[in-house]
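Each remark here refers to the structure printed beneath this line.
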Amino acid sequence: MGIVDEDVVRVRESADFVAVAGQFMQLKRVGQRYVGLCPFHGEKTPSFSINAAHGLYYCFGCQAKGDVITFVREMQHLDFVGAVEWLAAKTGVTLRYTDRQEGEGRRRKAQLTEAVAAAVEWYHERLLTAPDAGAARRYLRDRGLTGEEVRRYRIGWAPDEWDALSRALRLPDAVLTGAGLGFLNRRNRQQDVFRARVLFPIFDPQGAPVAFGGRALPGADGPKYRNSAETRLYSKSKVLYGLNWAKDDVVRADEVIVCEGYTDVIGFAASGLPRAVATCGTALTDEHVRLLKRFATRIVLAFDPDAAGQAAADRVYEWERAHDIDVAIADLPAGQDPADLARADPDRLRRAVEARVPFLGYRVERALAAGHLGSPEGRARAAEAALAVIAEHPSDLVRDQYVMTVADRCRLDADRLRTGLALARRRGRTPALPPLSAGDRSRDGAVRDTNEIRALRLAVDAVRGPEMRALLHDVLFVDERNLAAWRALRDGPDVHAAIDRADPGAADLLQRLAVQDVIDDPRDIRRALLRETALRRRADLERRARESPEPGAWAPSIQWLQGRLEAIAPDARPSREAEDQLLAWLADQGEER
Ligand code: ZN
């Protein structure tokens, strides 16, 4: 049973957050916010802040955050509907329910699940018995799968036909397409989604089938993997293959292994580690981690996380902090996937999980291993590479331990490395989250107070926000997370919508800024941002001029920009016109690039 959205908004808006929170804790007004001892973690000095105007809270100690509904949910251990009802009773709002729609939705969902379940059985039967599935059975045997495994994981075969499943199941069009099993072709006839593929059914954690992962046989045309499209039942950023079978062992071991392939999951189980899950053709998402966190506090990645790129590192640290989990990397032999290793050397696979290393340790080792530690120059370069990796970690205590490791391995003085690390951190991006140790934590978290941050803090402010937002533009932001936060705000209509829309890093930043005091003036901040952007652009133009065969062609632009820079210099008389012209020009140029 759901509550009409409009009424949820009314409850949120009419609830007095400070009064509600006051029932559970002592609050003190400090500047524009209210602070108190966090009810969600033990502490002696207050880290918990409420922005009464927006009705948002944020704890700088444990990163608990949300609005008044989240607060009541957590304090009273209620679900969403329960929390809204609790608040409605206090505020006198009468609630309307979406009863009828919900019942309808549930019925439709059950219908789709039934259709997918029928398809699972049909494809499975086809694999076991049909003559045309011989190649598929051989392929699975070659990969080391036993008949028992094929049955346990309900593996199937989609024959090389246009509509074999559609003809067999005779589902209504809406159910066939809604379940992601088929579609209507140009002649308005039902056609199957999967053709000539080995199918791994994907189940939700409760064991209901929701989708398929399809693998082409070796040598076949088309992409190797093809998964079901997203449906009402299936969202690939939320579902993990194998969790339905793995969850008991995950809870028992307080550990979940995350790998990349369906056969990896099966291989882990065959090797005595029935606690592996796989993402279904996507990177691990925040939603996956949130789901896994319900079952275990340690995630062991059984794939090469660096292959996922630099952005992954920030995300991992953010997960560790936000969800209070540890992320480690399995010590797999280079170039071997778990599925193969499970068949060739299951002992080695088990050791790979036992000998897991923390994420940062893994990356530091990688950086050191890539260097030549035999020469002084090689050691210095390796140390630099390792420091760049260490610099990304949010905790200074953790960073320092790795600095000592690097000093030892590269035979360098630890204090000199610490200086290098400080430089690397200043050059790098602002750390996504404040450091772990209480001693290192600044009052307002470790977000460095750049002009971009000041602008965002103003932009979320209940009073100055509209003015600041009207003055800002995408082109004024360089930092990726700040830009993402700004875009979410820009798209309106309010801070709540922006937080819902933003990715986790940007949402966390917005939440954090919303409970901080505003001291700056929107006009000053915009002028400062404009100057920074213009200076960057001037350097950019000068570089291009130097590299160009016709440097003179760049001179007019550089001169024009120089003139604008002087017009908005800190000691110049503020000119709205000069600023607007400059912003328009920068925005224009920004789009060209
Ligand atoms: Zn807290």
Side-chain angles (χ1 to χ4, degrees), residues 2 5 98-130 132-133 136 153-217 220-244 261-262 278-283 285 287-288 291:
D5 286 349
T98 56
D99 209 359
R100 212 170 47 82
Q101 295 168 15
E102 284 256 320
E104 191 64 29
R106 257 201 301 270
R107 251 197 312 283
R108 180 150 158 68
K109 217 173 145 179
Q111 228 178 358
L112 298 182
T113 306
E114 217 175 285
V116 178
V120 167
E121 291 316 310
W122 189 83
Y123 283 134
H124 181 58
E125 205 45 44
R126 192 84 191 200
L127 175 74
L128 294 183
T129 58
D132 71 323
Y153 296 98
R154 313 308 290 170
I155 300 171
W157 168 247
D160 193 3
E161 293 171 46
W162 293 112
D163 58 357
L165 178 82
S166 302
R167 276 188 285 117
L169 297 192
R170 297 171 169 279
L171 296 166
D173 292 347
V175 175
L176 182 82
T177 56
L181 298 169
F183 57 95
L184 294 182
N185 65 17
R186 268 179 299 176
R187 278 178 296 165
N188 223 29
R189 296 248 292 272
Q190 292 192 351
Q191 194 170 315
D192 299 353
V193 162
F194 292 105
R195 184 175 171 181
R197 280 174 187 274
V198 173
L199 295 183
F200 295 85
I202 300 166
F203 299 84
D204 71 13
Q206 285 73 45
V210 293
F212 292 94
R215 194 202 189 285
L217 290 177
D221 290 341
K224 191 162 143 189
Y225 285 100
R226 175 163 184 190
N227 289 4
S228 297
E230 306 239 323
T231 63
R232 284 176 73 111
L233 301 176
Y234 175 60
S235 158
K236 60 180 184 239
S237 62
K238 288 183 189 150
V239 171
L240 287 156
Y241 177 75
L243 188 56
N244 53 312
Y262 309 113
T279 56
C280 306
T282 66
T285 66
E287 282 161 314
H288 287 143
L291 173 62

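Residues: numbered from 1 along the sequence shown.
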Note to self: Could you check whether any side-chain N or O of His124 sits under 3.5 Å from a backbone N or O of Gly156, counting only pairs where one atom can act as donor and the other as acceptor?
What the structure shows: no
Check: Counting only heavy atoms not in Trp122, do more than 12 fall under 6.0 Å of its CH2?
Finding: yes
Notebook entry, point to check: Is any side-chain heavy atom of Trp162 less than 4.5 Å from a side-chain heavy atom of Arg189?
Noted result: no
Margin query: In the structure I gave you, are the side-chain heavy atoms of Trp157 and Val198 within less than 4.5 Å of one another anywhere?
Written below: yes
Check: Taking all atoms of both residues into account, what is the closest heavy-atom pair of Ala115 and Leu171, and its distance?
Finding: CB-CD1, 3.8 Å
Check: Are Asn227 and Tyr234 close enough that some pair of their side-chain heavy atoms sits under 4.5 Å apart?
Finding: yes
Next item on the list: Search all heavy atoms of Ala211 against all heavy atoms of Val116 and return the closest pair with its distance.
Entry: N-CG1, 4.1 Å
Notebook entry, point to check: Do His288 and Thr285 have side chains that get closer than 4.5 Å, going by heavy atoms?
Noted result: yes
Would you give me the side-chain donor-acceptor pairs under 3.5 Å for residues 236-243, sequence neighbours excluded?
| residue | atom | partner | partner atom | Å |
| --- | --- | --- | --- | --- |
| Ser237 | OG | Ser235 | OG | 3.4 |
| Ser237 | OG | Glu287 | OE1 | 3.1 |

Note to self: Applying side chain to side chain donor-acceptor pair (under 3.5 Å) as the test, list every pair that has at least one member in residues 168-180; sequence neighbours left out.
What the structure shows: Asp173-Gln190
Next item on the list: List the atom of Leu127, the atom of Ala136, and the distance in Å for their closest heavy-atom pair.
Entry: CD1-CB, 3.7 Å
Notebook entry, point to check: Do you know which of Arg126, Arg197, Arg195 makes salt bridge (charged side-chain N to carboxylate O under 4.0 Å, His left out) with Glu161?
Noted result: Arg126
Note to self: Counting C-beta onward and ignoring hydrogens, is there a side-chain heavy-atom pair between Leu176 and Ser166 closer than 4.5 Å?
What the structure shows: yes
Item checked: Nearest heavy-atom neighbours spanning Tyr262 and Gly213 -> OH-CA, 3.5 Å
Item checked: Shortest non-hydrogen contact from Ala216 toward Asp221 -> CB-O, 4.5 Å
Note to self: Could you check whether any side-chain heavy atom of Asp192 comes within less than 4.5 Å of a side-chain heavy atom of Leu181, counting everything from C-beta outward?
What the structure shows: no
Item checked: Closest approach of Leu199 to Ala158 (non-hydrogen atoms, all atoms of both residues) -> CD1-CB, 3.9 Å
Check: Any side-chain heavy atom of Cys280 within less than 4.5 Å of one from Ile202?
Finding: yes
Check: Rounded to the nearest 0.5 Å, what separation is found between the CG atom of Leu169 and the CD atom of Glu114?
Finding: 11.0 Å
Check: After noting the C-alpha distance and the side-chain angles of Leu112 and Val175, does the key distance pass the side chain to side chain contact (heavy atoms under 4.5 Å, CB included) rule?
Finding: CA-CA 6 Å; Leu112 298 182; Val175 175; 4.2 Å; yes
Check: About how many Å separate CG of Asp163 and CZ of Phe183, when rounded to the nearest 0.5 Å?
Finding: 10.0 Å
Check: Hey, what's the ring geometry for Phe194 with Phe212, parallel, tilted or perpendicular (30° and 60° as the breaks)?
Finding: perpendicular
